[in-house]
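Since the model is a prediction, treat every value here as computed from it, not as a measurement. Position 1 is the first residue of the sequence, and the numbers go up from there.
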Amino acid sequence: MDMTSNIRIKFAILLLTTLFFSRVKAQSDRDLLAYADPRIGTAHSRWFYFTPGAVPFGMAKPAPSTNGSYGNKSGWEAVGYDQRHTSIEGFANFHEFQIGGVVFAPSVGKLQTLAGSLEKPETGYRSTFDHQDEIAMPGYYSVLLKDYKIKAELTSTKRVAFHRYTFPKSKQANIIFDIGHQQGESGEVTDAKVYLTPDGRIEGYVITQPVYVQKYQPGADVKMYFSAVASKKPTAFGTFNGENISKSKKSTSGKGAGLYLTFSTEEKESITLKAGLSYTSIENARLNLKQEAAHLSFDQAKEQALNTWASYLGRIRVTSENKQDLTKFYTGLYHALSGRGLASDVNGAYPKNDGGIGRIPLDKNNVPLHNHYNTDAIWGAFWNLTQLWAIAYPEYYSDWVKSQLLVYKDSGWLADGIANSRYVSGVGTNFVSLAIASAYNSGIRDFDVKTGYEAALKNELDFKKRPFGAGKPDLQRFLKYGYVNHLDQGTGADENWKFSASHTLEYAFSCYAVGQWAKLLNKTADYNRLTALSNAWKTIFDPGSKFIRPKDEQGKFISDFNPKAAWRGFQEGNAWQYTFYVPQNPMGLISAIGKDDFNKRLDSIFTVSEKNKFGGGTTIDAFSGLESLYNHGNQPNLHISWLFNYAGKPSLTQKWVRKILDDFYGTEGIHGYGYGQDEDQGQLGAWYVMASMGIFDVKGFTDASPEIGLSAPVFNTIRIKGNKKYFSGKDFEIETINNNKDNSYVESFSLNGNALKTPFMKLKDIQNGGKLLIQMGKMPKDEY
């Protein structure tokens with residue numbers, strides 16, 4: 001045998017070995033899919049919450065809808081899929097914050113072109129269903145539509161939705177393409193078009209004006225495009241506008257526009273639809289379909305989606321004898337990876353803020369250098385999502401930063417939330433600068449640092465010609481007084497004038513984050529100014545009541561002050577909750593209140609809040625806990641259970657974090673994240689993931705050298721997979737000894753064989769790889 005043949009054989013063996021082990025690895029993580037249950041918490045959930053057919057961070061998010069066509073007056077109400085409903089109206093392909101549409105629905109018999117109502121399903125094409133006939137898992141969904149005896153299945157690639165409908169024997173098997181009706185949070189339809197091409201493609205678009213887009217960028221719209229192919233040629237076709245049906249017509253447009261195909265089917269005959277999606281054009285929707293799924297069958301796409309989810313979930317592997325804890329963990333991780341999906345095409349095209357189309361640069365292989373994403377506001381995400389991204393999904397965090405900088409380059413401002421790059425701030429502030437600073441401070445630096453810092457600094461200090469959609473409309477007052485002065489009356493949107501105290505605290509925290517970045521960049525003047533502004537909380541801290549209390553422009557605290565009242569100076573919260581909103585300086589806050597008083601107050605808050613499930617009790621409402629002492633169902637106080645670590649009482653952090661994990665989080669349709677409380681694209685799920693591992697940074701990785709607070713993990717072992725591109729590539733392990741419900745307190749922490757004297761370690765300790773050993777016991781212990 002010659003040397004060349006020998007090399008070829010060795011190479012073939014190496015290749016087969018590599019393929020074998022890569023497949024074994026993918027299969028070995030498939031067991032984790034069983035613990036992620038997308039139906040948990042689907043009673044009273046948001047539009048983007050239930051999308052089991054999607055892949056992580058995907059554009060294509062095909063999912064069943066029970067009331068998606070019902071409208072969304074305020075733009076954020078619970079709508080889409082509700083576990084309590086008993087009929088499905090169709091399967092929408094776009095599910096994103098303020099974005100929804102392009103519905104496919106199968107039926108048998110008489111053609112109906114309106115969805116019908118929950119009360120009278122027979123008045124439309126919707127069908128009744130039973131949960132026992134339903135499968136929902138990451139990457140795949142199926143259900144039996146009882147009225148038609150049709151099995152509907154969904155899966156996807158990143159930008160292509162797959163539908164498979166298995167029909168009974170019928171000469172009138174219909175597939176309806178309902179394009180021109182409002183879906184979810186999408187807002188009113190202004191235009192739509194759908195047509196059948198000579199080669200059998202079903203293509204079109206829908207243009208909507210979502211409520212939040214109209215609020216923050218009046219007149220702007222959101223466009224969604226699709227190009228679909230069916231696996232079988234129809235026997236008949238036609239179009240409709242509302243209830244008006246036009247047989248054999250190939251094209252229609254306007255509100256209510258739709259198209260139908262009719263087939264003759266044998267018993268259990270399946271018809272597959274592949275729908276390429278895009279936010280830029282029908283041509284790019286076709287291209288997305290061609291590049292991602294031209295040669296994929298439904299089963300191949302499903303297998304690929306399941307393996308992708310297994311790989312993503314497998315980045316963090318935990319063990320426990322308690323299946324409920326595993327279910328909470330992987331369902332939370334699933335939700336954290338489901339939101340904020342792709343907005344750019346395979347060729348780098350993406351929707352710009354002005355409604356045009358931009359192009360992301362390509363590498364030498366004509367692959368975009370990064371992606372663009374839609375995103376809900378980043379409000380509060382530094383206490384859940386960005387921490388999770390930094391330790392386990394840094395490549396996504398990097399992409400997200402680059403995505404935000406596209407909006408900055410296009411519009412001149414960072415945008416806290418975007419729907420196809422349109423401004424959808426939602427809460428009137430803007431924490432994107434903090435999140436970018438946190439990425440840099442966490443060691444994720446492969447983005448345009450110069451532009452990123454320029455954008456972040458502008459976000460903190462510039463108010464001139466600032467568009468409403470860029471948030472911080474009262475920034476000028478913050479800079480003038482050193483705090484936002486309180487107004488009991490004002491004009492325009494609430495965030496212009498109503499939230500003086502919470503905005504003061506938020507702007508101070510954001511200034512701190514960018515200031516820490518400035519420190520690393522040796523920008524001393526910026527560092528000094530931003531650090532001074534980060535102390536703004538002190539100006540509205542009332543030493544008498546020891547509450548954060550709004551001040552007027554004369555520097556006087558407001559009268560008739562009720563610390564439990566929401567909405568007066570505080571957005572989605574009250575003074576009880578917001579007084580602890582000084583994450584950048586917890587020691588300063590503790591000193592201002594007094595250590596003993598601080599611990600007593602915070603402990604008593606949790607004692608009282610435990611009776612209310614740490615939120616709004618069992619009241620099914622997104623805002624049910626706004627006037628409580630602690631409200632885990634909303635962002636402003638998600639960090640405070642970890643503040644005991646700074647106040648010399650880590651045992652109380654361990655106690656209350658565990659109780660929140662046990663009581664607030666559930667594994668049922670109604671009791672998921674509280675009872676119908678607001679899960680903003682995975683934030684509450686990500687909090688569970690971080691907290692149940694016993695790691696959490698109150699400062700959201702904004703320090704120049706980020707530090708992580710430690711608590712008592714729920715799990716026996718935890719392995720966070722290393723990332724060689726960004727960090728050492730070595731795994732980080734956490735092992736708990738004698739961990740059970742009775743032994744809920746930490747007796748000792750040991751990092752890489754060295755005892756820790758305080759419940760803290762560096763973020764770099766995780767990124768470098770290593771092992772944290774935690775000895776558990778029954779009795780609280782505060783010194784190590």
Q: Aromatic rings Tyr688 and Tyr665: how do their planes relate, parallel, tilted or perpendicular, breaks at 30° and 60°?
A: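 Ring orientation, 0 to 90° scale: perpendicular.
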
Q: Give the minimum heavy-atom separation between Ala54 and Pro62, together with the two atoms involved.
A: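 Taking Ala54 first and Pro62 second, the nearest heavy atoms are N-CD, 4.5 Å.
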
Q: Looking at side-chain heavy atoms only, is the closest gap between Leu388 and Met690 below 4.5 Å?
A: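 In contact.
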
Q: I'd like to know if the side chain of Gln183 pairs up with that of Ser186 as donor and acceptor (distance under 3.5 Å, no hydrogens or angles considered).
A: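 Side-chain D/A pair, Gln183 to Ser186: absent.
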
Q: Nearest 0.5 Å, please: how far is OG1 in Thr579 from CD1 in Ile605?
A: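 If I round to the nearest 0.5 Å, the distance is 8.0 Å.
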
Q: Test Arg466 against Asn459 for side chain to side chain donor-acceptor pair (under 3.5 Å), laying out the working first.
A: CA-CA 9 Å; Arg466 188 181 187 110; Asn459 191 48; 2.6 Å; yes

Q: Quick one: sort the Phe50 and Tyr81 rings into parallel, tilted or perpendicular, breaks at 30° and 60°.
A: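 Ring orientation of Phe50 relative to Tyr81: parallel.
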
Q: So, Asp494 versus Gln571: side-chain donor-acceptor pair below 3.5 Å or not?
A: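 Distance-only check fails for Asp494 and Gln571.
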
Q: Using the ring of each side chain (for Trp, its six-membered ring), is Trp642 parallel, tilted or perpendicular to Phe696, with breaks at 30° and 60°?
A: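 Judged by the thresholds at 30° and 60°, the geometry between Trp642 and Phe696 is parallel.
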
Q: Take the angle between the ring planes of Tyr216 and Phe468 and call it parallel below 30°, perpendicular above 60°, tilted in between.
A: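 Parallel, since the angle between the ring planes stays under 30°.
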
Q: Salt-bridge test for Glu185 and Arg46: reply yes if a basic N is under 4.0 Å from a carboxylate O, no otherwise.
A: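 Yes, this pair counts.
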
Q: Measure the spacing between CE of Met59 and CG of Leu277 and express it to the nearest 0.5 Å.
A: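 Output value for this atom pair is 7.0 Å.
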
Q: Taking atom CD as the centre, does Gln476 end up with more than 12 heavy-atom neighbours from other residues, nucleotides or ligands that are less than 6.0 angstrom away?
A: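 Counting neighbours around CD of Gln476, 12 or fewer heavy atoms of other residues, nucleotides or ligands fall under 6.0 Å, so no.
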
Q: So, taking the atom named CZ in Phe499 and the one named OH in Tyr578, what distance separates them when rounded to the nearest 0.5 Å?
A: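 Rounded to the nearest 0.5 Å, the CZ-OH separation comes to 8.5 Å.
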
Q: Please lay out, stage by stage, how Leu589 and Phe580 fare under the test side-chain contact (heavy atoms from CB on, under 4.5 Å).
A: CA-CA 8 Å; Leu589 178 65; Phe580 297 99; 4.3 Å; yes

Q: Look at the rings of Tyr453 and Trp517 and say which category their plane angle falls in: under 30° parallel, 30 to 60° tilted, over 60° perpendicular.
A: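 Rings of Tyr453 and Trp517: perpendicular, over 60°.
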
Q: For a side-chain hydrogen bond (donor to acceptor under 3.5 Å, both in side chains) with Arg568, tell me which candidate from Asn574, Asn562, Asp488 qualifies.
A: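 Among Asn574, Asn562, Asp488, the one that satisfies the side-chain hydrogen bond (donor to acceptor under 3.5 Å, both in side chains) with Arg568 is Asp488.
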
Q: For residues Asn634 and Glu572, is any side-chain donor paired with an opposing acceptor at under 3.5 Å?
A: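 Yes, a side-chain donor-acceptor pair sits under 3.5 Å.
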
Q: Please step through side chain to side chain donor-acceptor pair (under 3.5 Å) for the pair Glu96 and Asn420, ending with a clear verdict.
A: CA-CA 10 Å; Glu96 210 65 78; Asn420 284 11; over 6 Å; no

Q: Under a 3.5 Å cutoff, is there a donor and acceptor pairing between the side chains of His372 and Ser344?
A: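 No, no side-chain donor-acceptor contact under 3.5 Å.
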
Q: Run Phe431 and Trp383 through ring pair (Phe, Tyr, Trp, His ring centres under 6.0 Å) and show every step you take.
A: CA-CA 12 Å; Phe431 275 113; Trp383 288 325; 8.2 Å; no

Q: Going by atom types alone, do Tyr512 and Asp703 pair a side-chain donor with an acceptor below 3.5 Å?
A: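 Yes, because at least one side-chain N or O of Tyr512 sits under 3.5 Å from a partner of the opposite role on Asp703.
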
Q: With side-chain hydrogen bond (donor to acceptor under 3.5 Å, both in side chains) as the test, pick out the partner of Lys472 among His503, Glu506, Glu460.
A: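 Between Lys472 and the candidates, side-chain hydrogen bond (donor to acceptor under 3.5 Å, both in side chains) is satisfied uniquely by Glu460.
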
Q: Just to verify, which of Trp379, Tyr212, Trp47 counts as forming a ring pair (Phe, Tyr, Trp, His ring centres under 6.0 Å) with Phe97?
A: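 Testing each of Trp379, Tyr212, Trp47 against Phe97, the sole residue satisfying ring pair (Phe, Tyr, Trp, His ring centres under 6.0 Å) is Tyr212.
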
Q: Considering only distance and modelled atom types, tabulate donor-acceptor pairs under 3.5 Å from the side chains of residues 63-71, sequence neighbours left out.
A:
| from | atom 1 | to | atom 2 | distance (Å) |
| --- | --- | --- | --- | --- |
| Ser65 | OG | Gly68 | N | 2.8 |
| Ser65 | OG | Gly80 | O | 3.3 |
| Ser65 | OG | Glu89 | OE2 | 3.2 |
| Thr66 | OG1 | Gly80 | O | 3.2 |
| Thr66 | OG1 | Asp82 | N | 3.1 |
| Thr66 | OG1 | His85 | ND1 | 2.7 |
| Asn67 | OD1 | Gly80 | N | 2.7 |
| Ser69 | OG | Glu89 | OE1 | 3.0 |
| Ser69 | OG | Glu89 | OE2 | 3.4 |
| Tyr70 | OH | Leu118 | N | 2.9 |

Q: Kindly confirm or rule out a cation-pi arrangement of Lys564 over Trp576, judged by NZ or CZ under 6.0 Å from the six-membered ring centre and within 45° of its axis?
A: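 Output no; distance or angle outside limits.
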
Q: Checking side-chain contact (heavy atoms from CB on, under 4.5 Å) for the pair Leu461/Leu533: CA distance, chi angles, key distance, verdict?
A: CA-CA 10 Å; Leu461 301 177; Leu533 288 169; 3.7 Å; yes

Q: Dump the intermediate steps for side chain to side chain donor-acceptor pair (under 3.5 Å) on Gln635 and Asp680, then the final yes or no.
A: CA-CA 9 Å; Gln635 287 91 331; Asp680 283 335; 2.6 Å; yes

Q: State, to 0.1 Å, how close Ala419 and Val424 come at their nearest heavy-atom pair, and which atoms those are.
A: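 Scanning both residues completely, I find the closest heavy atoms to be N-CG2, 3.6 Å.
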
Q: Report the relative orientation of the aromatic rings in Phe541 and Trp537; use parallel for angles under 30°, tilted for 30 to 60°, perpendicular for over 60°.
A: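 Perpendicular.
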
Q: Using side-chain contact (heavy atoms from CB on, under 4.5 Å), reason through Leu487 and Arg477 one step at a time and then give a plain yes or no.
A: CA-CA 11 Å; Leu487 301 173; Arg477 289 153 53 205; 3.8 Å; yes

Q: Any non-hydrogen side-chain atom of Glu188 less than 4.5 Å from a side-chain atom of Gln182?
A: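 Yes, their side chains come closer than 4.5 Å.
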
Q: Any chance you could measure Leu643, atom CG, to Ser641, atom OG, to the nearest 0.5 Å?
A: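 Result: 8.0 Å between the selected atoms.
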
Q: Between the side chains of Ser338 and Thr51, is a donor N or O closer than 3.5 angstrom to an acceptor N or O?
A: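 Side-chain D/A pair, Ser338 to Thr51: absent.
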
Q: May I ask you to check whether Phe94 and Phe226 place their ring centres under 6.0 Å from each other?
A: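 No, too far apart.
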
Q: Side chains of Ser442 and Tyr397: any donor to acceptor distance under 3.5 Å?
A: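 Judged by distance alone, the side chains do not pair up.
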
Q: Within a strict 4.5 Å, meaning less than it, do heavy atoms of the Val206 and Val102 side chains meet?
A: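 Side chain of Val206 against side chain of Val102, heavy atoms only: contact under 4.5 Å found.
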
Q: Return the minimal non-hydrogen interatomic distance between Thr280 and Pro351, and the atom names on each side.
A: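 Distance-wise, the nearest heavy atoms are CG2-N, 3.7 Å.
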
Q: Using every non-hydrogen atom in the two residues, find where Phe478 and Cys511 come nearest and quote the distance to one decimal.
A: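 Closest pair (atom of Phe478, atom of Cys511, distance): CE2-SG, 4.3 Å.
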
Q: Considering non-hydrogen atoms only, spot the tightest contact between Val698 and Pro583 and give its length.
A: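 Looking at all heavy atoms of both residues, the closest pair is O-CB, 3.3 Å.
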
Q: Could you tell me if Asn353 and Asp410 have a donor-acceptor pair between their side chains, going purely by distance under 3.5 Å?
A: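 Note: Asp410 and Asn353 side chains miss the donor-acceptor criterion.
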
Q: Check Tyr373 against Leu342 and note the closest heavy-atom contact, atom names and distance.
A: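 Smallest heavy-atom distance, with atoms named: CD2-N, 3.6 Å.
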
Q: With a 4.5 Å cut-off on side-chain heavy atoms, are Leu530 and Leu457 touching?
A: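 In contact.
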
Q: Atom CZ in Arg422, atom CD in Gln217: separation rounded to 0.5 Å?
A: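 Nearest 0.5 Å value for the CZ-CD distance: 5.0 Å.
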
Q: Between His335 and Tyr673, does a ring pair (Phe, Tyr, Trp, His ring centres under 6.0 Å) hold up when you go through it step by step?
A: CA-CA 11 Å; His335 281 127; Tyr673 300 96; 5.6 Å; yes

Q: Decide if atom NZ of Lys551 counts as having more than 12 heavy atoms of other residues, nucleotides or ligands within a radius under 6.0 Å.
A: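 Buried by this count: over 12 neighbours within 6.0 Å.
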
Q: Side chains of Asn612 and Tyr630: donor-acceptor distance under 3.5 Å anywhere?
A: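 No donor-acceptor contact under 3.5 Å links the two side chains.
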
Q: Taking atom CG of Asp191 and atom CD1 of Ile179, what is their separation to the nearest 0.5 Å?
A: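 So the gap between those two atoms works out to 12.5 Å.
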
Q: Just wondering, do Tyr440 and Phe447 contact through their side chains at under 4.5 Å, heavy atoms?
A: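 Of all side-chain heavy-atom pairs linking Tyr440 with Phe447, at least one is under 4.5 Å.
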
